[in-house]
Amino acid sequence: MNLTPVNNYLTVRTVEDEAQDSGILLPQDYRAVESPFAVVEVVNCSGENGTLWGTGLQLVVEAHMLRDIQHNGETFTVIKENHVIGILTDS
């Protein structure tokens, strides 16, 4: 099933940081400090107003603005375009 966003929403997927094993033992209940920002990859966009978003584009967004929609056992993550802070590129 696919979710096609409208009204300037983007369907995204969270990009996980590459975990590095430092060899340091931590308590089982340890929780790392979460960043107020997240890196996501565009899965689908509304295509309204000539947006510049493309599938596979990696974006920096405000993490607390990500919204999960659950339907029929699937989870779709969406965010409003105006909560995008920047676009990540290699160059």
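All residue numbers in this chain count up from 1 along the given sequence.
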**Q.** Any M1 side-chain heavy atom under 4.5 Å of N72 side chain
**A.** yes
**Q.** Residue pair E41 / V12, side-chain heavy-atom distance below 4.5 Å
**A.** no
Q | Taking every non-hydrogen atom, the tightest pair across A63 and A38 | A | CB-CB, 4.0 Å
(Q) Does atom CG (N82) have a neighbourhood of more than 12 heavy atoms from anything else shown, all under 6.0 Å? (A) yes
Q) Hey, what do you get for CG (N8) to NZ (K80), rounding to the nearest 0.5 Å? A) 5.5 Å
**Q.** With sequence neighbours excluded, residues passing side chain to side chain contact (heavy atoms under 4.5 Å, CB included) with T75
**A.** D68, Q70
Q. Taking C-beta and beyond as the side chain, do V42 and L59 meet within less than 4.5 Å on heavy atoms?
A. yes
Q. Are V84 and V60 close enough that some pair of their side-chain heavy atoms sits under 4.5 Å apart?
A. no
Q. Does L10 reach the side chain of N44, with side-chain heavy atoms less than 4.5 Å apart?
A. no
Q) Do V78 and I69 come close enough that some side-chain heavy atom pair is under 4.5 Å? A) yes
Q: State, to 0.1 Å, how close V40 and V61 come at their nearest heavy-atom pair, and which atoms those are.
A: CG2-CG1, 3.8 Å
Q | Side chain proximity check, T77 to R67, heavy atoms < 4.5 angstrom | A | no
(Q) As an exercise, state the distance from CZ of F76 to OG1 of T4, rounded to the nearest 0.5 Å. (A) 9.5 Å
Q: Calculate, to the nearest 0.5 Å, the distance between atoms CG and CZ belonging to L66 and R13 respectively.
A: 13.5 Å
(Q) Return the OH to NE2 distance between Y9 and H83, rounded to the nearest 0.5 Å. (A) 7.5 Å
**Q.** Spacing of I79 atom CD1 and E62 atom CD [to the nearest 0.5 Å]
**A.** 7.0 Å
Q) Do W53 and M65 share a hydrophobic cluster (ILVMFWY, side-chain heavy atoms under 4.5 Å, transitive)? A) yes
